[in-house]
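Throughout, residue positions are numbered sequentially from 1 according to the sequence presented. None of these values were measured; they are calculated from a predicted model.
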Amino acid sequence: MSVERTAAAAVRDDPRLAADWTTRQTAMTNLRALMGRAYPRVRGVFRERSWLFFEVLLPFLGTSAYVLVYRALKAPEDYVGFVVLGGALSAFWLNVVWSMAGQLYWEKSQGNLELYFAAPMSLMAVLLGMAAGGLVMSSTRAVAVLVISAAVFGVQFQVEQWWLVAVAFGLTLAALYGLGMMLASLFLLWGREAWHLTNVMVEPVYFVSGLNFPVGRLGAVGALAIATIPFAVGLDAIRQLAFPHSELLVGTPSPEVEALILLAMTVVFTAAARWCMATVERMARARGSLSIRWQ
């Protein structure tokens, strides 16, 4: 029997022994928790083939509707590219809202949250596993929408700084999932209002983030979105890099500045998520009612 299994068996008999774990044992346990939480989401993409159909076709139809409207209005062709990029990146925002922010509340409703608090692992590892698994699922949808829409509607991207696109995209995901981890603990505390808050954070955020049009057109509202919503910052930065010569993208910072904004958001949201999760764990042990269903 390995050292980790021996330690795990001892902790089951006396949970106080978890405080005596080495750094390696703690890290390996959290890594296993991360992989175990990510596995169902990654495996589900390939096991349930019907999900691929709905995750690709339905978002493509929504994107197509806006493309056809813009072309019927004889709008500049850049708007078609804006819509395609927005439809692709929206998959990650939906994953953060539905599969991250409300996940702990759904687990609580199903009676599984007690197991998370009782297990000798960090809840941050569980949330990181959710983020990793959700990233695979969202990437499938995003790539499909981007490739199919670009092929069908003839969108031509003019990327000149691929490295900056990769940096902006990576920072956008980091900030988004940091926000999702923070919201997961907050939604758990707010209880039944999590469902309503999740719904509120979809369409209104789409509007103020400029999902289907340049966010700079919103003026002060767009500036507020750039300052507070990672989705708005990342989408605008990637649009500027994909269409560097477009005269329609005005009123927002440069991609380099927006990358710094995303970096700051990543640090703030991740630190806030750690603090919120530690607070939730303390409340769960002190009150004993946080994990009660429907509370």
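Nearest heavy atoms, Ser90 versus Leu211: CB-CD1, 3.9 Å. The heavy-atom pair separating Pro230 from Leu179 by the smallest distance is CD-CD2, 4.0 Å. The shortest heavy-atom contact between Asn95 and Ser138 is CB-OG, 3.0 Å. Across all their heavy atoms, Phe231 and Gly86 have their closest contact at CZ-O, 4.5 Å. The heavy-atom pair separating Ala175 from Phe269 by the smallest distance is O-CD1, 3.7 Å. Here the closest heavy-atom approach between residue Ala150 and residue Phe157 is recorded as CB-CE1, 4.3 Å.
For the pair Val208 and Leu224, the minimum side-chain heavy-atom distance is 4.5 Å or more. Between Leu135 and Leu173, the closest side-chain pair of non-hydrogen atoms falls below 4.5 Å. Contact check for Leu248 versus Phe213: no side-chain heavy atoms found under the 4.5 Å cut-off. Between Val202 and Leu94, some side-chain heavy-atom pair lies under the 4.5 Å cut-off. Two residues are said to be in side-chain contact when any heavy atoms from C-beta on lie closer than 4.5 Å; Leu85 and Phe243 meet this criterion. Residues Met181 and Met277 fail the side-chain proximity criterion, which asks for heavy atoms closer than 4.5 Å. Taking the side chain as every heavy atom from C-beta outward, Ser149 and Val67 never approach each other to under 4.5 Å.
Considering CG of Leu128 and OH of Tyr177, their distance stands at 11.5 Å, rounded to 0.5 Å. Expressed to the nearest 0.5 Å, how far OG of Ser254 lies from CG of Leu249 amounts to 12.5 Å. Rounded to the nearest 0.5 angstrom, Ile229 CD1 and Asp236 CG are separated by 12.5 Å. To the nearest 0.5 angstrom, Met100 atom CE is 11.5 Å from Phe187 atom CZ. Atoms CD and CD, from Glu256 and Gln161 in turn, are 6.0 Å apart once rounded to the nearest 0.5 Å. To the nearest 0.5 Å, the span separating CG on Leu123 from SG on Cys276 amounts to 12.5 Å.
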Would Val145 and Thr63 satisfy side chain to side chain contact (heavy atoms under 4.5 Å, CB included), going step by step from the backbone distance to the final call?
CA-CA 8 Å; Val145 170; Thr63 301; 4.0 Å; yes

So Leu89 and Trp93, side chain to side chain contact (heavy atoms under 4.5 Å, CB included) or not? Walk me through it.
CA-CA 7 Å; Leu89 291 181; Trp93 177 249; over 6 Å; no

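Residues in residues 263-278 take part in no side-chain hydrogen bond (donor to acceptor under 3.5 Å, both in side chains) pair, two or more places apart or across chains. Listed by first and then second residue, the side-chain hydrogen bond (donor to acceptor under 3.5 Å, both in side chains) pairs involving residues 204-221 amount to none (not counting sequence neighbours).
Below 30°, between 30° and 60°, or above 60°: for Tyr70 and Tyr79 the angle between ring planes is between 30° and 60°, a tilted geometry.
No path of Ile, Leu, Val, Met, Phe, Trp and Tyr side chains, each step under 4.5 Å between heavy atoms, connects Leu31 with Tyr39, placing them in separate hydrophobic clusters. Transitive grouping of hydrophobic side chains (ILVMFWY, heavy atoms separated by less than 4.5 Å) brings Leu146 and Trp162 into a common cluster. Residues Phe207 and Val233 share a single hydrophobic cluster, defined by chaining ILVMFWY side chains whose heavy atoms lie under 4.5 Å apart. Val42 and Val143 are not part of a single hydrophobic cluster, where members link through side-chain heavy atoms under 4.5 Å apart. Under the 4.5 Å side-chain heavy-atom criterion for Ile, Leu, Val, Met, Phe, Trp and Tyr, Ile261 and Leu263 are members of the same hydrophobic cluster.
Summarising the local packing, OH of Tyr66 is surrounded by 12 or fewer heavy atoms from other residues, nucleotides or ligands at distances under 6.0 Å.
Checking Ile238, Leu164, Val165 one by one against Val159, the side chain to side chain contact (heavy atoms under 4.5 Å, CB included) holds for a single residue, Val165.
Checking side-chain atoms of Asn30 against main-chain N and O of Ser122 turns up a donor-acceptor pair under 3.5 Å. Between the Ser185 side chain and the Met182 main chain, a donor and an acceptor come within less than 3.5 Å of each other. Judged by distance alone, the side chain of Arg239 and the main-chain N or O of Phe82 form a donor-acceptor pair under 3.5 Å.
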